[in-house]
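Below: one structure, written as structure tokens.
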Amino acid sequence: MNITILGSTGSIGTQALQVVDDLKGTKDISVLAISGNSNTELLEQQARKYNTKYAVVADENKYSDLKNRLADTDIKVLCGEEGLCTASTLGGVDMVLSSIVGFAGLVPTMKAIESGKDIALANKETLVTAGALFTDAVEKYGVRLLPVDSEHSAIFQSMHGGAEKEVRKILLTASGGPFFGKTRDELTEIRKEQALKHPNWSMGAKITIDSATLMNKGLEIIEAKWLFDVDIEDIEVVVHRESIIHSMVEFVDKSVIAQLSLPSMKHPIQYAFTYPERLPSPDSSVSFSQIGKMTFFEPDEETFRCLALAKKAGRMGGTMPTVLNAANEVAVSAFLHDKIGFLDIADFVEKVMDSYKNKLNPTIEDIIMTDKSVREEYRI
């Protein structure tokens with residue numbers, strides 16, 4: 001199998017390359033193209049190690065640096081969105097792992113679908129902002145859409161326990177983030193250093209902040225709606241602090257099927273790469289005697305308001321999820337640059353959502369323009 005990894009220098013991308021190494025001897029995987037945002041040193045290392053045909057740096061200002069680093073090789077160096085689209089549509093590529101963080105993954109992933117590539121999806125913003133368009137394209141071009149988020153991979157695997165018509169609801173698990181149980185008053189002075197300390201997962205900065213605000217879980221609800229063709233009301237969030245159960249599916253006979261493993265993104269990445277097979281993994285097994293117990297709680301949507309805002313946007317549909325996502329990316333960036341407080345993230349997102357008129361049945365152009373408009377009008 002030949003793959004392109006969009007976002008190879010990020011948390012998901014680097015772990016995906018580890019999975020490629022882990023599978024040597026059991027599954028032949030060649031990495032034909034990689035992309036990163038601006039880390040040219042790591043891109044060079046990856047391109048040389050995996051002998052890729054293409055290396056793409058999204059930051060056009062870093063193009064010359066990467067080109068010089070790889071000047072003694074036959075590796076083609078590209079940059080910007082055009083380069084990402086080239087990497088995602090290469091002839092001979094069977095699967096594209098879309099793990100670019102944020103809205104930037106939208107167009108390259110859509111181009112990959114249109115060129116007939118199977119998609120291992122770790123970029124939730126594509127389904128959040130353009131779910132209807134993506135699912136329609138997947139059906140039109142006859143490709144497979146395999147979820148890489150641990151929760152959606154768990155749901156996908158649990159769905160095998162029954163027919164689609166037999167599903168009663170989805171139980172989407174959440175770790176609760178670093179501030180589980182805290183009140184709004186206790187969160188007023190939270191700094192980014194505290195918010196970046198996730199109790200269970202090692203992730204990039206943006207998704208770690210989203211986990212702390214529970215926006216990440218809200219985005220996953222919208223994503224699950226499109227991936228599994230269910231209503232928002234049929235998705236229940238359950239806080240599970242141990243992060244051993246990655247999500248569950250309840251069927252009409254009230255049976256619940258879950259997928260369990262230790263917190264590691266390598267599990268869902270490998271399953272997407274090897275589906276429908278299951279191949280050996282070097283990762284550790286779950287030891288139930290060491291875990292001892294597993295706990296479950298309802299999420300506090302009054303304190304962590306981003307979850308409720310995401311549900312609202314998901315119910316509204318149209319361009320509102322795009323507004324939600326763009327406003328959140330602006331707010332999270334501002335928080336990481338010490339421009340706003342932790343609780344200001346939800347307040348900002350709500351203000352932007354209230355100011356925008358929703359447009360139903362948007363085109364891809366409508367979605368791109370809405371995203372651009374939010375970012376330009378509401379800079380912090």
Side-chain angles (χ1 to χ4, degrees), residues 11 124 149-152 154-155 169-224 232-233 235-248 250 256 258-265 286-314 324 327-329 331-332 334-336 338 340-350:
S11 176
K124 60 175 55 65
D149 268 352
S150 61
E151 295 84 356
H152 297 103
I155 296 164
K169 67 177 176 179
I170 287 171
L171 298 160
L172 189 68
T173 59
S175 70
F179 307 131
F180 172 75
K182 292 189 178 296
T183 65
R184 286 184 63 84
D185 288 343
E186 292 173 315
L187 295 175
T188 54
E189 301 300 325
I190 289 295
R191 308 299 295 173
K192 67 183 179 185
E193 292 78 14
Q194 297 166 281
L196 288 170
K197 292 180 180 179
H198 195 281
N200 299 332
W201 295 93
S202 175
M203 307 177 289
K206 194 266 181 182
I207 193 172
T208 303
I209 301 302
D210 282 351
S211 179
T213 64
L214 292 194
M215 177 61 86
N216 190 50
K217 207 53 49 180
L219 297 178
E220 287 176 3
I221 288 174
I222 301 173
E223 189 179 8
I232 296 289
E233 279 65 33
I235 305 171
E236 178 184 342
V237 174
V238 179
V239 176
H240 169 51
R241 297 293 285 164
E242 295 78 13
S243 296
I244 299 297
I245 296 177
H246 297 294
S247 276
M248 302 169 272
E250 181 181 314
V256 177
Q259 185 268 328
L260 292 75
S261 62
L262 294 179
S264 170
M265 285 306 301
V286 176
S287 172
F288 291 98
S289 59
Q290 289 183 9
I291 294 169
K293 67 176 181 179
M294 291 188 283
T295 57
F296 306 93
F297 308 90
E298 290 185 10
D300 180 358
E301 295 188 21
E302 292 185 6
T303 300
F304 299 94
R305 297 175 53 244
C306 284
L307 178 56
L309 290 171
K311 286 182 180 180
K312 178 181 178 181
L324 169 92
N328 180 63
E329 288 191 18
V332 169
F335 174 67
L336 288 170
D338 301 314
I340 64 173
F342 182 77
L343 292 176
D344 295 330
I345 295 174
D347 293 341
F348 178 82
V349 172
E350 183 175 42

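Below, all heavy atoms of this structure are taken into account, side chains as well, without hydrogens, waters or symmetry copies.
- Closest approach of Phe335 to Ala195, counting heavy atoms only: CE2-CB, 3.9 Å.
- Under a 3.5 Å cut-off, the side chain of Glu242 and the backbone N or O of Thr295 do form a donor-acceptor pair.
- Here the closest heavy-atom approach between residue Leu309 and residue Ala346 is recorded as CD1-O, 3.5 Å.
- One distance of note links CD1 of Ile345 with CG of Asp210; it measures 8.0 Å at 0.5 Å rounding.
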side-chain contact (heavy atoms from CB on, under 4.5 Å) between Leu260 and Met294, worked out
CA-CA 11 Å; Leu260 292 75; Met294 291 188 283; 4.3 Å; yes
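- In this structure a side-chain-to-backbone donor-acceptor pair under 3.5 Å is present from Lys217 to Thr173.
- Atom NZ of Lys206 has more than 12 neighbouring heavy atoms from other residues, nucleotides or ligands inside a 6.0 Å radius.
- A salt bridge is absent between Asp300 and Lys182; no separation between the charged side-chain nitrogens and carboxylate oxygens falls under 4.0 Å.
- Remark: Phe304 CZ to Phe342 CZ distance equals 6.0 Å, nearest 0.5 Å.
- Here the shortest heavy-atom pairing between Ser175 and Ser243 reads CB-OG, 3.5 Å.
- Although no hydrogens or angles enter the test, the distance criterion places a donor-acceptor pair under 3.5 Å between the side chain of His240 and the main chain of Ile245.
- The CZ atom of Arg184 sits 6.0 Å away from atom CZ of Arg305, with the distance rounded to the nearest 0.5 Å.
- Atom CD of residue Gln259 and atom OG of residue Ser247 lie 8.5 Å apart, to the nearest 0.5 angstrom.
- Counting heavy atoms from C-beta on, the side chains of Ser261 and His246 come closer than 4.5 Å.
- No donor-acceptor pair under 3.5 Å is formed between the side chain of Thr303 and the backbone N or O of Thr183.
- The CD atom of Glu151 lies 12.5 Å from the CD1 atom of Ile235; values are rounded to the nearest 0.5 Å.
- Between Ile340 and Ala331, the shortest heavy-atom distance links the atoms CD1-O, 3.4 Å.
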When you look at Glu301 and Val237, which way does the side-chain contact (heavy atoms from CB on, under 4.5 Å) test go after all the steps?
CA-CA 11 Å; Glu301 295 188 21; Val237 174; over 6 Å; no
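- A donor-acceptor pair under 3.5 Å is absent between the side-chain atoms of Glu350 and the main chain of Asp347, judged by distance alone.
- Side chain of Arg241 to main chain of Gly177: a donor-acceptor pair is present (N/O by atom type, distance under 3.5 Å, no hydrogens or angles).
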Go through the steps for Leu262 and Ile244 under the test side-chain contact (heavy atoms from CB on, under 4.5 Å), then give the verdict.
CA-CA 6 Å; Leu262 294 179; Ile244 299 297; 3.9 Å; yes
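- A 6.0 Å sphere centred on CD of Glu193 holds more than 12 heavy atoms belonging to other residues, nucleotides or ligands.
- A distance of 12.5 Å separates OG1 of Thr213 from CD1 of Ile190, quoted to the nearest 0.5 Å.
- Crowding of Glu189 atom CD: a count of heavy atoms from other residues, nucleotides or ligands under 6.0 Å not exceeding 12.
- Counting all heavy atoms, side chain and backbone alike, Ile222 lies closest to Ala310 at CD1-O, 3.5 Å.
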Using the side-chain contact (heavy atoms from CB on, under 4.5 Å) rule, take Asn216 and Glu220 through it: C-alpha gap first, then chi angles, then the decisive distance, then the call.
CA-CA 6 Å; Asn216 190 50; Glu220 287 176 3; 3.1 Å; yes
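- Using a 4.5 Å heavy-atom threshold, the side chains of Leu324 and Met215 count as touching.
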